[in-house]
2 protein chains.
Amino acid sequence: MALGTGYEQQGCHLARALEVVGERWTLLILRDCFYGVRRFTDLREHLDISRAVLTDRLDTLVANGVLTREDSDGHPEYLLTETGRALWPTIFSLSKWGERHTSGPHPARLFSHAACDTDIDDVGHCHTCGEVPGPEDLVVRPGPGTNAMRRSDRVARALERPHRMLTPIDTASGPAGG
Amino acid sequence: MALGTGYEQQGCHLARALEVVGERWTLLILRDCFYGVRRFTDLREHLDISRAVLTDRLDTLVANGVLTREDSDGHPEYLLTETGRALWPTIFSLSKWGERHTSGPHPARLFSHAACDTDIDDVGHCHTCGEVPGPEDLVVRPGPGTNAMRRSDRVARALERPHRMLTPIDTASGPAGG
DNA sequence: CAGACTTGGTCTGGTGAACAGACCGGATCG
DNA sequence: CGATCCGGTCTGTTCACCAGACCAAGTCTG
């Protein structure tokens with residue numbers, strides 16, 4: 001619980017939202033889910049997060065209907081629900097803010113509208129189609145700021161190539177090291 | 001620091017953003033700043049937050065260029081910078097998400113475009129003007145979900161009436177109690 | 001000027017969360 | 001049958017948050 005019992009007094013939807021997704025690591029976990037990461041070990045390796053905390057966050061997200069936990073091939077897979085997918089504007093805008101205002105000027109990731117191959121702008125708008133595509137219609141690829149990332153885990157390696165959001169990350173293409 | 005030193009390995013703008021605004025209370029403080037709250041005591045009363053934590057969060061936000069600390073009439077005032085104002089889409093979308101997906105169906109606050117008096121939609125769009133107004137062009141007023149709030153502090157009372165965002169909250173209109 | 005009050009903090013002791021890392025049970029591989 | 005992978009749980013330490021006491025500067029009252 002990010003705010004203890006405070007949200008009751010707040011009576012505010014923002015406080016309630018922060019109860020669910022405002023804890024440490026949670027938005028980073030969800031960002032990875034949008035990228036297509038679905039498995040415990042992939043999340044753990046990519047985020048370098050403690051197992052206990054990852055377990056707790058996933059449990060919280062499942063309990064709040066943001067993720068589902070499904071068995072696939074004997075392994076659990078964590079998938080975004082519709083509620084979870086609705087967080088994309090928040091994650092996108094916060095990431096853009098970080099890019100603009102706290103980091104270097106170069107985006108680490110670029111997002112393009114899969115239907116027309118146009119890069120979306122800072123508010124997620126596709127100028128070719130005149131719409132704001134949902135995350136399922138976006139392709140993520142490395143941007144000029146990517147050199148800031150020196151991670152060699154399987155997720156980071158898979159994201160070195162363009163990848164359709166929400167489709168599974170291919171983590172079977174080789175060992176973690178490299 | 002919300003993520004310790006983790007953001008270095010992440011090389012990700014979202015992680016860097018969360019370093020700045022991802023700590024407990026921070027987004028609620030900033031929401032209040034958008035509403036026009038500027039003073040330490042008003043923030044403390046409205047959020048019911050410990051003095052030490054509020055001090056720490058304000059210092060962090062000032063140090064990261066999200067707020068400025070200025071003296072007005074002998075008292076410090078905390079004001080959003082341009083960088084801070086750029087967080088509005090994030091706060092708005094997360095609040096909308098909380099409204100839709102974690103709380104009741106009724107918005108606690110409604111936002112209208114001051115120029116044309118039209119309520120903005122869930123993505124912040126004004127259908128009359130065909131644009132997405134910035135926070136300085138919005139008026140906030142209580143919505144049908146407001147009854148969930150039973151706070152009687154001065155900020156809550158001031159927000160019982162429509163209020164132009166980013167203009168100072170009038171907290172001198174009476175004592176805190178009611 | 002004394003004394004009370006407001007404002008904007010700092011300091012302290014207790015509690016809960018996050019961390020690194022050990023351990024573990026089931027499945028799969030060789 | 002042992003080794004490895006996967007998805008966790010458990011443990012001891014560190015760290016952040018909390019309530020609440022304390023404090024200094026200003027300021028209102030007389």
Side-chain angles (χ1 to χ4, degrees), chain A residues 1-7 9 15 18-19 22-29 32 37-62 67-79 153-155 169 171-177, chain B residues 1-9 15 18-19 22-29 32 37-62 67-79 153-155 169 171-172 174-177:
Chain A
M1 299 295 173
L3 295 168
T5 56
Y7 79 92
Q9 282 79 15
L18 288 169
E19 288 281 323
E23 287 179 304
R24 202 163 163 170
W25 294 110
T26 300
L27 284 180
L28 291 172
I29 291 168
D32 275 10
V37 181
R38 298 179 170 189
R39 291 181 57 170
F40 187 93
T41 296
D42 288 338
L43 287 167
R44 193 186 116 56
E45 283 185 10
H46 187 54
L47 296 172
D48 208 16
I49 180 179
S50 123
R51 294 167 179 277
V53 173
L54 180 56
T55 300
D56 179 83
R57 294 303 177 274
L58 291 172
D59 287 350
T60 297
L61 290 169
V62 169
L67 297 179
T68 56
R69 184 180 192 273
E70 294 172 18
D71 257 37
S72 161
D73 208 13
H75 300 290
E77 279 195 346
Y78 295 93
L79 297 174
D153 60 275
R154 292 177 296 184
V155 171
I169 287 271
T171 54
S173 61
Chain B
M1 298 294 172
L3 295 168
T5 55
Y7 78 92
E8 291 172 2
Q9 283 77 17
L18 288 170
E19 288 280 323
E23 286 178 305
R24 201 163 164 171
W25 294 110
T26 300
L27 285 180
L28 292 172
I29 292 169
D32 275 10
V37 182
R38 298 180 170 189
R39 290 180 59 170
F40 187 93
T41 297
D42 288 338
L43 286 167
R44 192 185 118 54
E45 283 185 12
H46 187 54
L47 296 173
D48 208 17
I49 179 179
S50 122
R51 294 166 180 278
V53 173
L54 180 55
T55 300
D56 178 83
R57 293 304 176 273
L58 290 172
D59 288 349
T60 298
L61 290 170
V62 169
L67 298 179
T68 57
R69 184 182 193 272
E70 294 172 17
D71 257 37
S72 161
D73 209 13
H75 301 289
E77 280 195 345
Y78 295 93
L79 296 173
D153 60 274
R154 292 178 295 184
V155 172
I169 287 271
T171 55

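Numbered from 1 within each chain, the chains take letters A, B, ... in sequence-line order. Computed from a prediction, not measured in an experiment: that's the story for all the values here.
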Practice item. Would you please name every residue forming a side-chain hydrogen bond (donor to acceptor under 3.5 Å, both in side chains) with B/Arg51, sequence neighbours left out? Key: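 Expected list: none.
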Please report the distance, rounded to the nearest Å, between [atom1] in [X] and [atom2] in [N].
X       : N      : atom1 : atom2 : answer
A/Glu23 : D/dC17 : CD    : P     : 12 Å
A/Leu54 : C/dC19 : CG    : C1'   : 14 Å
B/Asp73 : C/dT6  : CG    : P     : 17 Å
A/Arg44 : C/dA18 : CZ    : P     : 16 Å
B/Ile49 : D/dG20 : CD1   : P     : 15 Å
B/Leu43 : C/dT7  : CG    : P     : 13 Å
A/Glu45 : C/dA20 : CD    : P     : 15 Å

Point to revise | Heavy-atom protein contacts under 4.0 Å, nucleotides 25-30 of chain C, coded B base, S sugar-phosphate only, - none | key: ------
Revision key, fill the gap. Under a 4.0 Å heavy-atom criterion, the protein footprint on nucleotides 8-13 of chain C, written with B, S and -, is BBBB--
Can you confirm whether [X] sits close enough to [Y] that some side-chain heavy atom of one is under 4.5 Å from a side-chain heavy atom of the other?
X        : Y       : value
B/Tyr78  : B/Thr68 : no
A/Arg69  : A/Glu77 : no
B/Val155 : B/Leu43 : no

**Study point:** A/Asp153 to A/His46 - nearest heavy-atom pair and separation
**Key:**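 Closest approach of A/Asp153 to A/His46, heavy atoms only: OD2-ND1, 3.0 Å.
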Check your understanding: Between CG of A/Leu54 and CD1 of A/Ile49, what distance do you get to the nearest 0.5 Å?
Key ->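 One finds 5.0 Å between CG of A/Leu54 and CD1 of A/Ile49.
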Check your understanding: Distance from B/Arg24 atom CZ to B/Arg57 atom CZ, nearest 0.5 Å?
Key -> 9.0 Å
Point to revise | Backbone of A/Gly22 reached by a side-chain donor or acceptor of A/Thr26 within 3.5 Å | key: no
Check your understanding: Reckon A/Arg24 has a side-chain N or O less than 4.0 Å from the OP1 or OP2 of C/dC19?
Key -> yes
Review point. Under 4.0 Å between a side-chain N/O of B/Trp25 and OP1 or OP2 of D/dC18, yes or no?
Key: yes
Check your understanding: Hey, is A/Glu45 close enough to A/Arg154 for a salt bridge, meaning N to O under 4.0 Å?
Key -> yes
